Amino acid sequence: MLEIIGIRHGFRDLAVIGRMDLRAAGGGFTVLIGPSGCGKTTLFNILTGVVPGQRGRIVWQGRQVEHLEQTAAYMQQKDLLLPWCSLLENALLPARMDGRNLEEARRQAGELFIRLGLEGFEDYLPAEVSGGMRQRCALVRTLMFQRPLVLLDEPLSALDAITRRSLQSMLLLLQQDFAKTIVMITHDVEEALLLADRLVILSRRPMRVMETIDLDSPKPRRASDPELLRLRERILDVLQQELVL
Amino acid sequence: MLEIIGIRHGFRDLAVIGRMDLRAAGGGFTVLIGPSGCGKTTLFNILTGVVPGQRGRIVWQGRQVEHLEQTAAYMQQKDLLLPWCSLLENALLPARMDGRNLEEARRQAGELFIRLGLEGFEDYLPAEVSGGMRQRCALVRTLMFQRPLVLLDEPLSALDAITRRSLQSMLLLLQQDFAKTIVMITHDVEEALLLADRLVILSRRPMRVMETIDLDSPKPRRASDPELLRLRERILDVLQQELVL
Amino acid sequence: MKAAPGIALAVAFSILAAWEASCRLIPLPDFILPPPSAIAVTAVARAPLLAANAMVTGLEIVAGIGLALAVAVALATAMFASRPLERALAPFLIASQAVPVFAIAPLLVIWFGYGPASKVVMAAVIIFFPITVSLLEGFKSCDPGYRILFRLMGASFGRRLRYLYWPWALPYFFAGLKVGVSVATIGAVIGEWVGSQAGLGYLMIQANARLQVDLVFAAIVWLSLMGVGLWALVGLLERRWVYWK
Amino acid sequence: MKAAPGIALAVAFSILAAWEASCRLIPLPDFILPPPSAIAVTAVARAPLLAANAMVTGLEIVAGIGLALAVAVALATAMFASRPLERALAPFLIASQAVPVFAIAPLLVIWFGYGPASKVVMAAVIIFFPITVSLLEGFKSCDPGYRILFRLMGASFGRRLRYLYWPWALPYFFAGLKVGVSVATIGAVIGEWVGSQAGLGYLMIQANARLQVDLVFAAIVWLSLMGVGLWALVGLLERRWVYWK
Amino acid sequence: AGRHLSLMLDWFPNVDHLPLYLARDQGMFRAAGLDVEILSPSETTDGLKLVAAGKVDLAVSYQPQTIMAAARGLKVRAVGRLVGHPLTTILFLRDKGIEKPSDLDGKRIGYTVAGLMDVLLDAFAKLNGICRYRPVNVGFAIAQSLAAGKVDAVMGGFKTYETVTMAAKGIQTSYFELEKHGIPDYDELVFVSSDRVLAQKAGAVANFVKVVEQAIGKVKADPDRALAAYFRQLPDADRRIETAAFRLTLPYFAENQVLENDRWQRFADFARANGLIDAGLPASRVIWQRP
Ligand SMILES: Nc1ncnc2c1ncn2[C@@H]1O[C@H](COP(=O)(O)OP(=O)(O)OP(=O)(O)O)[C@@H](O)[C@H]1O
Ligand SMILES: Nc1ncnc2c1ncn2[C@@H]1O[C@H](COP(=O)(O)OP(=O)(O)OP(=O)(O)O)[C@@H](O)[C@H]1O
Ligand SMILES: [Mg+2]
Ligand SMILES: [Mg+2]
């Protein structure tokens with residue numbers, strides 16, 4: 001389980017995160033949703049130690065840690081593919097960095113390429129594929145990390161509705177079959193509702209938790225489920241009010 | 001009016017666009033929707049002369065042209081903000097490049113910053129703001145181009161639902177009040193339905209037009225309009241079938 | 001993993017110690033390589049003489065850097081503007097680095113007389129090259145995405161240069177400038193072979209002919225300090241100008 | 001806007017023509033600056049002599065570049081790995097550029113004898129510097145986003161170097177290498193002043209003492225051609241290695 | 001101000017040029033209606049080139065190089081002389097068992113200026129029965145290469161200068177004088193001008209040569225006063241070394257300003273025979289006959 005207790009952060013004279021508490025159950029799927037620029041990425045950066053000097057505590061599996069650098073796989077908002085490596089080489093990077101068995105990693109990456117619709121583009125350079133394909137490749141790379149905790153910052157934002165759906169089911173598989181703890185940032189309320197065990201609605205800057213919704217209905221869920229549609233309206237209302245205020 | 005007649009394109013041995021015809025009415029809002037990696041960005045790049053060597057014809061206002069380099073404002077999928085310029089300076093670039101009156105441009109940019117929720121961040125560098133804020137800044141810059149035709153490649157993909165809605169209405173204003181011809185790529189079917197006068201559904205690679213839907217209902221439209229909901233399902237079905245095939 | 005700054009002192013000290021020791025243990029006559037202690041003593045004891053000559057050389061260096069900067073920026077820009085021009089000029093620029101001073105010393109005298117001009121020119125010939133090459137490489141390495149953006153904005157070459165290429169190439173420029181100011185010292189010394197009455201180079205030639213090798217090395221120490229000072233200054237400028245990195 | 005390649009010929013021709021004319025019109029005697037025509041005649045007529053000596057110098061240059069590369073890559077890497085080390089070594093490296101050859105010629109001879117070793121070392125001392133500085137600046141200019149990615153992957157320093165920093169710094173490296181191979185020619189020549197029996201530098205000294213100025217300049221032409229050849233080779237390598245730009 | 005004459009030295013100012021500085025110090029040039037500007041070169045051939053190009057009026061050079069320049073078609077003429085015999089020697093360390101030239105057989109011998117000293121060395125070797133030796137170009141480093149044992153002797157050191165600088169470092173040297181071992185006697189340091197300058201300023205040049213002659217006379221008459229005048233003119237000079245060098249140079253300053261045609265011709269023929277110059281050169285083409 002991941003617990004975040006009393007995290008605060010500011011840049012210069014801009015208060016970005018103002019005392020935040022959050023719990024993400026082990027093996028659970030936690031989705032964060034909030035206004036653009038509220039501090040979601042900053043939160044992930046603090047968790048992974050990218051932004052140093054955090055105040056507050058991070059507790060992973062009951063042990064307080066400095067940060068999750070070695071624990072979490074982190075897919076950043078920018079794709080950060082290496083321009084000189086083919087898509088496949090980019091995906092194999094975490095394996096190479098670990099000195100892992102490359103044969104095994106290659107097989108695994110090959111499977112993921114097929115699942116994410118990237119087969120045939122293994123040897124393309126990032127500059128030679130579309131924005132959505134780059135994002136999918138970055139997702140493959142994140143999945144190759146082999147870490148118990150996965151932090152995803154808008155992993156599907158550049159994808160069309162259909163591709164997105166199939167990747168959503170893939171993320172569910174990942175959670176269920178490999179017992180990963182997933183924390184994901186998204187802007188798509190429907191996506192949040194389809195995936196989340198726990199949905200956290202965040203306020204404007206300085207960011208705090210406005211509401212936490214636990215969803216128990218079994219997955220896969222259907223977007224047309226009236227319960228979900230009602231929740232969707234409510235969440236949009238909450239966000240709307242927050243932004244109009 | 002923008003007419004695209006018989007455009008074809010391929011990279012190496014990959015056929016990307018296979019004979020495509022398209023008409024975007026002057027002053028109209030045309031939305032392109034299609035699977036990730038099908039060739040939408042490539043189409044825009046051909047139109048603007050970024051990808052050279054097009055086959056086929058481009059006709060703008062009845063005159064065949066080489067490309068639309070000097071006619072269109074183009075918001076690319078990557079934000080391409082200059083890392084050494086503040087957000088405001090980035091937004092003022094088109095004015096500077098034209099040698100336009102900067103006072104007027106500054107006023108205009110100031111207004112847009114307020115509308116897009118960027119006020120107070122004028123002096124921040126791109127690296128110091130969030131992904132969504134960068135995208136909004138890139139949109140401001142595109143709106144500062146003062147060109148009759150505006151090409152938008154997923155302009156709102158990094159934004160939360162609420163911010164997105166308010167920017168959608170801004171785009172409508174732009175179309176109506178300033179009589180701009182807008183062609184936009186999006187992945188969000190709902191967004192497409194809310195904005196489009198003409199909605200073009202594109203196939204997988206090699207890309208062709210699968211279906212063109214003209215929407216006459218007055219704007220602003222409501223997402224919960226049953227007509228739109230039905231259309232949404234149909235479009236998703238079409239795309240689904242295209243991807244499953 | 002961060003090394004203590006003690007390393008700096010340790011390394012510097014051990015280099016000097018090894019030198020001192022090798023001078024004392026191996027019977028290396030002091031007119032071949034004086035020990036650092038002897039050099040230090042001379043560098044201080046003859047400080048007035050050295051300072052007076054350093055002044056002359058220092059002015060030549062500063063003027064040489066100024067001239068080199070003007071030439072380098074102009075050349076790199078022109079060569080970047082026109083690829084054929086680059087191809088035509090490159091061989092001559094490279095050739096300029098293969099000309100030993102004795103071959104053109106009479107020419108320099110005829111053209112620039114015995115005043116400081118010939119020294120400044122000689123120094124500039126040596127300094128301008130790394131700056132030109134680095135700046136040109138920097139211009140050329142500019143991300144195509146940004147180039148396209150500026151083309152679409154219809155920016156004139158001058159404006160592209162000012163707002164895009166120049167800031168983009170700044171880190172390269174500084175890399176070249178650092179090399180330039182480091183070799184500026186030897187540039188001025190070489191220039192002083194072209195008939196001069198003062199300067200550290202002049203002093204060195206005379207001292208060397210008289211086997212006053214400690215004075216030669218003391219002059220080198222002064223020169224080196226000037227080089228290090230210039231380097232530090234450039235480093236300072238770099239941190240201020242490349243503020244976005 | 002694209003300039004015709006004719007410009008190249010035009011510029012090269014006009015430079016040579018201006019030089020030729022100034023030699024003929026202004027009474028500039030050929031023993032001060034021979035006209036290019038005379039130099040060309042000598043460069044061809046004395047080709048066997050020049051070629052034999054060019055062979056010697058060429059080998060020194062190649063060996064010098066090899067040595068310089070090894071030193072530069074090692075130094076830049078070490079200095080990048082440890083900031084204190086950089087601070088400690090930088091002054092010594094800069095100092096190495098301020099040492100005129102006559103001061104250390106005896107030392108070189110004592111350490112390396114009168115064989116080719118001393119010339120190789122002398123050339124390497126001049127070549128390694130621009131490469132080291134450029135490579136180090138390249139390493140340091142790496143995008144923080146990628147640094148973070150590699151930290152999160154838990155990559156060892158060696159792996160970061162190989163997969164991230166080295167490819168990132170390649171364009172900088174090539175900028176430095178281009179400067180390096182251009183000054184390599186004068187490096188070898190200066191080395192040959194330290195005492196040698198053959199080589200273009202030796203030939204130049206000899207010819208100059210005998211006032212055979214056309215032969216001096218013919219040797220410079222051969223040297224320049226070697227420099228241009230090396231430059232072209234580096235350019236070729238650059239285009240192959242930096243394939244993603 | 002009198003008639004302006006620019007004079008380029010062969011090297012940086014040193015005691016070899018002492019008569020010039022004495023003349024300047026005593027106002028002898030001014031008295032002769034001359035205004036002499038003294039310049040230093042970057043390299044020993046600069047003076048010849050600039051004189052021939054008409055950029056300076058006079059240069060100090062060496063007889064061998066003057067002959068080589070004339071043979072290459074430079075319009076240069078020797079007008080006077082400063083040092084009337086060779087100062088160049090083969091220099092070696094005193095205690096290395098070298099007594100006579102043939103002791104150098106089989107040794108490594110360095111030389112300084114490639115293109116000149118290597119030729120002289122070769123001629124010296126042939127004349128003195130040194131059948132086998134290894135020539136080594138030592139460039140600037142005469143003392144260092146000798147002291148470090150990299151060579152056994154060096155062709156090119158001045159018997160009046162390197163001996164002194166090395167003695168100051170505690171290294172005792174000996175040397176073989178060229179003119180005593182078969183190489184034709186020559187004027188080490190000469191004044192060179194060009195036909196063009198001589199056509200316009202013959203009178204001034206003649207006066208200059210006269211002043212030099214008088215100055216050398218004064219130097220020989222009262223060396224200490226001359227040395228004091230020299231240090232007044234060049235306050236930065238190293239007194240210990242230059243004083244010692246001056247003592248050694250004193251006997252070699254030219255007795256008179258007569259450039260002997262036969263002597264020059266002998267050296268020119270020697271130069272031709274040993275490949276210093278490519279074609280025969282009549283000495284009269286190099287020597288200026290004073291009006
Ligand atoms: N390096 C920085 N310096 C100064 N301010 C920063 C820096 N990084 C982020 N900020 C500020 O912190 C705030 C939150 O940024 P963050 O990237 O966390 O937002 P976000 O919630 O991820 O937004 P989005 O959904 O648009 O990606 C922004 O207002 C931004 O300006
Ligand atoms: N420079 C290139 N070289 C080779 N192939 C390219 C190049 N640029 C694009 N492609 C190929 O063209 C196809 C279409 O790319 P494009 O960027 O147009 O897709 P898109 O429709 O914009 O997708 P997305 O919605 O993911 O942005 C992709 O399969 C890509 O691999
Ligand atoms: Mg974010
Ligand atoms: Mg795209």
Side-chain angles (χ1 to χ4, degrees), chain C residues 3-12 15 28 32-33 82-85 87-92 94-95 97-100 102-104 106-107 110 129-130 133-134 137-138 141 171-172 174-176 178-179 182-183 185-186 189-190 201 204-205 208 213 216-217 220 223-224 227-228 231 245, chain D residues 3-12 15 28 32-33 82-85 87-95 97-100 102-103 106-107 110 129-130 133-134 137-138 141 171-172 174-176 178-179 182-183 185-186 189-190 201 204 208 213 216-217 220-221 223-224 227-228 231 245:
Chain C
I7 287 192
L9 281 174
V11 170
I15 291 178
L28 210 57
I32 289 184
L33 183 67
S82 154
R83 180 118 184 75
L85 195 68
R87 284 172 177 253
L89 282 183
F92 292 95
I94 299 163
Q97 299 306 297
V99 180
F102 70 76
I104 51 160
L107 200 65
I110 290 174
F129 190 71
V133 173
S134 297
E137 289 285 310
S141 78
Y172 284 82
F174 275 108
K178 280 184 177 176
V179 175
S182 305
V183 297
T185 50
I186 199 75
V189 165
I190 288 181
M204 270 193 247
I205 299 256
N208 189 61
V213 183
V216 173
F217 277 84
I220 293 175
L223 268 183
S224 301
V228 173
W231 169 283
K245 289 242 169 176
Chain D
I7 287 190
L9 281 175
V11 170
I15 290 178
L28 207 58
I32 285 189
L33 183 68
S82 153
R83 180 117 184 76
L85 195 68
R87 283 171 177 253
L89 283 184
F92 291 96
L93 297 190
I94 299 163
Q97 299 306 297
V99 180
F102 63 74
L107 207 61
I110 288 172
F129 190 70
V133 173
S134 297
E137 290 283 310
S141 78
Y172 284 82
F174 275 108
K178 281 184 176 175
V179 175
S182 305
V183 297
T185 51
I186 198 75
V189 165
I190 288 182
M204 269 193 244
N208 188 61
V213 182
V216 173
F217 277 85
I220 292 175
V221 167
L223 267 185
S224 301
V228 173
W231 169 283
K245 287 243 169 174

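Owing to the predicted nature of the structure, the values given are computational and were not obtained by experimental measurement. Throughout, a chain's letter reflects where its sequence line sits, starting with A, and its residues are numbered from 1.
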Of the backbone (N, CA, C, O) and the side chain (C-beta and beyond), which part of Ile205(C) lies under 4.5 Å from a heavy atom of chain D, both, or neither?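 Contact with chain D is through both the backbone and side chain of Ile205(C).
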Locate the shortest heavy-atom distance separating [X] from [Y]; write the atom from each residue and the value.
| X | Y | answer |
| --- | --- | --- |
| Val216(C) | Ala103(D) | CG1-CB, 3.8 Å |
| Gln97(D) | Val183(C) | OE1-CG1, 3.8 Å |
| Pro171(C) | Glu137(D) | O-OE1, 4.2 Å |
| Ala12(C) | Ala88(D) | N-CB, 4.3 Å |
| Met204(C) | Pro100(D) | SD-CG, 3.4 Å |
| Pro84(D) | Ile7(C) | CB-CB, 3.8 Å |

Top contributor to chain C contacts, counting heavy-atom pairs under 4.5 Å, from [options]:
| options | result |
| --- | --- |
| Ser182(D), Pro91(D), Gly227(D) | Ser182(D) |
| Thr185(D), Ile94(D), Val11(D) | Ile94(D) |
| Val99(D), Ile186(D), Leu89(D) | Ile186(D) |
| Phe102(D), Tyr172(D), Phe129(D), Phe92(D) | Tyr172(D) |

Would you call Phe217(D) and Ile104(C) a side-chain contact if the rule is heavy atoms closer than 4.5 Å?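 Heavy-atom side-chain distance check passes, below 4.5 Å.
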Residues Phe174(D), Val133(C); criterion side-chain contact (heavy atoms from CB on, under 4.5 Å); working and verdict: CA-CA 10 Å; Phe174(D) 275 108; Val133(C) 173; over 6 Å; no
So for Leu85(D), is it side chain, backbone, both, or neither that comes closer than 4.5 Å to the heavy atoms of chain C?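 Both parts, backbone and side chain.
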Atom CG of Leu107(D) and atom CG of Leu33(C): how far apart are they, to the nearest 0.5 Å?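 Going from the CG atom of Leu107(D) to the CG atom of Leu33(C) covers 5.0 Å.
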